[in-house]
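Let me begin by presenting the structure, written as structure tokens, before commenting on it.
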Amino acid sequence: MIGQDLIESLLETEMAASGDTAGWVLITDQNVERIYHRIIQDLKAGAEELSLPFLTLAIPPGESSKSLSKVEDLAGIMAREGFGRKTKIIALGGGVVGDMAGFLASIYMRGVAYIQIPTTLLSQVDSSIGGKTGVNLLEGKNLLGSFYPPKSVWIDGNFLTTLKREDWINGYGELLKHGIIKDPQLFTDLERKLQQNSLFDTDSRSLERLTLLILKGISVKQEIVEADEKEEGLRRLLNYGHTFGHALEALYHYQGYSHGTAVLKGMIWEGEMALHLGILNKEDFRRIRALIEGILPQGSALPSLEKDLEALIHYMKRDKKNRNRKISFILPEKIGKVREEFLEEEKLREILAKRKI
Ligand code: ADP
Ligand code: ZN
């Protein structure tokens, strides 16, 4: 049964430490609740064995649940049900659940413990690691939040068997990025998966192998985050592909392209910039582009730099990482190493004019 081993070891660990806990609140979304009903039942049974109160709160799936009013609703229910300072929150779901439940944990009664069980590839390799929590405002994404690491993060590749293709692609974007930033072997492993045409396979052997790659991706992020908890220096390197990626998402009002697709395209464009600046060699650029094109959805309409460059520059000029009116880009030097460059918009136009289409 999917996730069973994970739930068993989780219960064991939690039971051993249960002296510190006075109840569990499991936060999930309605899709995950429906698909993983059995797992939730098992956790509930585990809590009951310890005579701990257990409450499941399922939010509607999707980004609109990452709101302050949702946090307030859930906190209200928890307070009415008598959950106090020693409550442990379990976030079971993708990035939306993790970010929102983590934020709630950071402020409920001035902070309660929480654990993450990320169920999407994206949340496993990226958002559950690093301790950032938050919700959106109408004015922008993640504008309210905190740095508040979970007590633990439980990874199980088996959750991915039920994931939609677009959510796989979202996750692969960040996993591949971690390879380019700091782990050339991870990149090569992903190339091999593409050659074997097994990127999206969900048999148990493939999932086992993929879990190892997920763990490598997590290590890259963890090493960077640990060296730079408050996002002052090194952590900026995680933004490879994101200067263009964020601009592309914003230009299409977060409806046109998923985060993963936008970042994958962003990594190609920023790779091309590195190539034309003489920072990246041709062969590594070819490999980066080939892997990304192998992951991106086939036949769907993809963004075009020719059409959108000026509008994208408009959004990139607002990026909070910029300095002295220069736009910040993380550019690959080779597979496994990236660096930050600040470029004036004129310079950007000049470099991109060198593209051969
Ligand atoms: P993220 O991609 O940031 O992790 P979400 O939390 O929005 O984003 O999750 C993406 C979608 O996938 C949501 O509709 C969510 O309900 C769904 N989902 C999450 N985990 C799974 C899973 N293991 N299987 C199927 N769908 C899932
Ligand atoms: Zn990202």
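Not measured: the values here are computed from a predicted model. Values below: all heavy atoms of this structure, side chains included; hydrogens, waters and symmetry mates excluded. Start at 1 and go down the list; that is how both ligands and their atoms are numbered.
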Taken by chain and residue number, the protein N/O/S atoms under 2.8 Å from the Zn ion (ligand 2) read Glu174 OE2, His242 NE2, His259 NE2
Has Lys151 got more than 12 heavy atoms of other residues, nucleotides or ligands less than 6.0 Å from its NZ? no
Tell me, yes or no, whether the heavy-atom count around Glu293 atom CD, taken from other residues, nucleotides or ligands under 6.0 Å, exceeds 12. yes
Tyr254: which residues meet the side-chain hydrogen bond (donor to acceptor under 3.5 Å, both in side chains) condition with it, sequence neighbours left out? none
CD of Glu72: more than 12 outside heavy atoms within 6.0 angstrom? no
Pair listing, side-chain hydrogen bond (donor to acceptor under 3.5 Å, both in side chains) test, anchored in residues 73-84, at least two apart: none
Kindly say whether the aromatic ring centers of Tyr148 and Tyr114 come within a distance under 6.0 Å. yes
With a 6.0 Å cut-off (strictly less than), is the heavy-atom count around NE2 of His37, excluding the residue itself, greater than 12? no
Listing by chain and number, which residues have a heavy atom under 4.0 Å from ligand 1? Asp29, Asn31, Val32, Ile35, Tyr36, Pro61, Gly94, Gly95, Val96, Thr119, Thr120, Leu122, Ser123, Phe159, Thr162, Leu163, Asp167
Check whether more than 12 heavy atoms from other residues, nucleotides or ligands sit under 6.0 Å from atom CZ of Arg349, and answer yes or no. yes
How about Tyr108 and Phe83: are their ring centres within less than 6.0 Å of each other? no
